[in-house]
S.K.: 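Attaching a single structure in C-alpha cells format; questions to follow.
Keep in mind the model is a prediction, meaning the values are calculated, not measured. Along the sequence shown, residues carry numbers from 1.
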Amino acid sequence: MSTETAAPTRREQILREAARLFAERGFHGVGVDEIGAAVGISGPGIYRHFAGKDAMLAELLVGISERLHDGGRMRAEEAAAAGLAPGAALDALIAGHIDFALDDRPLITLHDRELDRLREADRRRVRKLQRQYVELWVTAVRAVYPGLTELEARVSVHTVFGLLNSTPHLSGSAELPDRATTAALLHRLARGALGAVGDPGEGSRPEPDVLRAPEGVVEVVRDGGRPGLDSVADRPVT
C-alpha cells in the first residue's frame, strides 16, 4: 500500500502560507497580494478560494479546534475499544497534542494574537470545541490519577497545554534536537507534570486551601478559557 502523502491542494497551500505570514507579521501586517505571491498566484486569485483574510483566519482557527477535538475523541474511543490501560489512552492524547505543537506552531501564535478578531459565532464555535477537548483530557487524567478532583485535573490539563504550546518560542534555536527527540522530551515533560500533581508523595500533598486555584485560573476553567491552545499561566482572563 502506498505511504505517500497527497500533495496539498491550492486551498491548503493558501491557508498554510497565510498562517505563517499572519504569525510572523500580524493579521493587519499582511496583504492578500503577499499571500498570493507566497503560493505563486496573483492576489485577486486568492478570492477564487476565500472571500478575504477574515475568512482565512476563521478557517484556520476553527479548523484547528475541530482537528484537535476530533483527533482527541478518536484516540480516546480507539483506546477504549481496544481495552487499553488508562495510561495508554492518556499517552495517545499527549502524542496527538505534541504533533500539533510541533507541526502547527504558527497556529499557536495566531490563536494567541488573533482569536478576538473572529466574528462572535466563530469564537463561540472555537471555545465550545476546546471545552470539549479539555474534557477528553480531564477524563483521561482522572482515570490515571483517580485521587485528583475534577478542578485539579482541569487546571493540570490547562497547565500541560501551556507547556506543550510553548513550542513557538523554541523555533529560533539552532540547538534543538531532531523532531523525534523533541517529541519524546515533550512527552516526558507532560507525563512528569501530570504525575507530580497526581502522586505528590507521602506527606507532601498540600492542604485543600493551598490546592485552590488562583482566581484567574478558576475563571478560565469555568469559562472553558481557550483550552488546547492557551496557557492559563501566561494569558490574562478577559
Side-chain angles (χ1 to χ4, degrees), residues 15 19 57-81 84 86-116 118 120-145 148-168 183 186-187 189-191 193-194 197-198 213 216-235 237-238:
L15 287 173
L57 182 64
E59 185 154 338
L60 285 166
L61 295 183
V62 175
I64 190 56
S65 296
E66 290 174 342
R67 281 167 47 201
L68 282 169
H69 170 260
D70 293 348
R73 183 178 62 184
M74 180 186 69
R75 289 179 176 87
E77 290 174 351
E78 287 178 347
L84 299 181
L90 179 57
D91 283 334
L93 285 174
I94 293 172
H97 198 96
I98 288 172
D99 284 342
F100 155 69
L102 291 178
D103 298 337
D104 292 297
R105 296 182 199 182
L107 290 179
I108 297 174
T109 301
L110 192 60
H111 181 281
D112 284 346
R113 294 178 182 170
E114 312 292 357
L115 180 64
D116 289 340
L118 295 184
E120 182 61 25
D122 288 331
R123 284 200 304 273
R124 288 180 179 175
R125 173 68 174 159
V126 167
R127 287 172 172 159
K128 178 179 179 181
L129 287 164
Q130 292 181 347
R131 283 195 296 270
Q132 293 171 341
Y133 181 59
V134 167
E135 293 312 306
L136 292 172
W137 277 70
V138 168
T139 298
V141 167
R142 295 189 74 196
V144 178
Y145 305 108
L148 288 179
T149 67
E150 186 173 327
L151 177 60
E152 289 169 349
R154 188 169 290 109
V155 171
S156 299
V157 167
H158 277 272
T159 302
V160 168
F161 287 159
L163 185 158
L164 298 178
N165 293 347
S166 67
T167 51
L186 289 172
H187 202 118
L189 288 168
R191 267 300 213 147
L194 293 170
V197 72
V217 173
V218 173
E219 291 306 315
V220 170
V221 170
R222 286 174 181 163
D223 179 57
R226 292 169 187 174
L229 296 175
D230 273 4
S231 165
V232 297
D234 60 15
R235 185 177 179 97
V237 178
T238 56

S.K.: For Ala92, give me all partners under side-chain contact (heavy atoms from CB on, under 4.5 Å), at least two apart in sequence or on another chain.
M.R.: Arg75

S.K.: Can you list the residues that meet the side-chain contact (heavy atoms from CB on, under 4.5 Å) rule with Ala58, with sequence neighbours excluded?
M.R.: Leu118, Asp122

S.K.: CD1 of Ile108 to CD1 of Ile64: how many Å apart, nearest 0.5 Å?
M.R.: 8.5 Å

S.K.: Do you know which of Gln130, His111, Gln132, Arg127 makes side-chain hydrogen bond (donor to acceptor under 3.5 Å, both in side chains) with Ser65?
M.R.: Gln130

S.K.: Nearest 0.5 Å, what's the CG-OG1 distance between Asp104 and Thr109?
M.R.: 11.0 Å

S.K.: For Leu107 and Leu61, which heavy atoms make the closest approach, and how far apart are they?
M.R.: O-CD2, 4.4 Å

S.K.: CG/Leu129 to CG/Leu68 distance, rounded to the nearest 0.5 angstrom?
M.R.: 9.5 Å

S.K.: Parallel under 30°, tilted from 30 to 60°, perpendicular over 60°: which one fits the rings of Tyr133 and Phe161?
M.R.: parallel

S.K.: For Leu102, enumerate each residue passing the side-chain contact (heavy atoms from CB on, under 4.5 Å) test, keeping only those at least two apart in sequence or located in another chain.
M.R.: Ile98, Arg105, Thr167, Arg179, Thr182, Ala183, Leu186

S.K.: Give a yes or no on whether the backbone of Leu115 and the side-chain of Arg123 come within a donor-acceptor separation of less than 3.5 Å.
M.R.: no

S.K.: For residues Ala79 and Ala89, report the shortest heavy-atom separation together with the two atoms involved.
M.R.: CB-CB, 3.7 Å

S.K.: When rounded to the nearest 0.5 angstrom, what distance separates CG in Leu164 from CD1 in Ile94?
M.R.: 7.5 Å

S.K.: Between Glu120 and Arg124, is there a salt bridge with N-O shorter than 4.0 Å?
M.R.: yes

S.K.: Would you sort out whether Thr149 and Glu152 count as a side-chain contact (heavy atoms from CB on, under 4.5 Å), showing the intermediate values?
M.R.: CA-CA 5 Å; Thr149 67; Glu152 289 169 349; 3.1 Å; yes

S.K.: Rounded at 0.5 Å granularity, tell me how far CH2 in Trp137 sits from OG in Ser156.
M.R.: 11.5 Å

S.K.: Per the side-chain contact (heavy atoms from CB on, under 4.5 Å) rule, which among Val155, Leu148, Thr159 passes with Val197?
M.R.: Leu148

S.K.: Among all residues two or more places apart in sequence or in another chain, which pass the salt bridge (Lys or Arg N to Asp or Glu O under 4.0 Å) test with Glu66?
M.R.: Arg125

S.K.: What pairs with Glu150 under side chain to side chain donor-acceptor pair (under 3.5 Å), at least two apart in sequence or on another chain?
M.R.: Arg154

S.K.: With sequence neighbours excluded, tell me which residues meet side-chain contact (heavy atoms from CB on, under 4.5 Å) with Arg73.
M.R.: His69, Asp70, Glu77, Leu136

S.K.: Might you work through the side-chain contact (heavy atoms from CB on, under 4.5 Å) test for Leu90 and Arg191, ending with a clear yes or no?
M.R.: CA-CA 9 Å; Leu90 179 57; Arg191 267 300 213 147; 4.0 Å; yes

S.K.: What's the verdict on side-chain contact (heavy atoms from CB on, under 4.5 Å) for Val160 and His97, showing C-alpha distance, side-chain angles and the deciding distance?
M.R.: CA-CA 10 Å; Val160 168; His97 198 96; over 6 Å; no

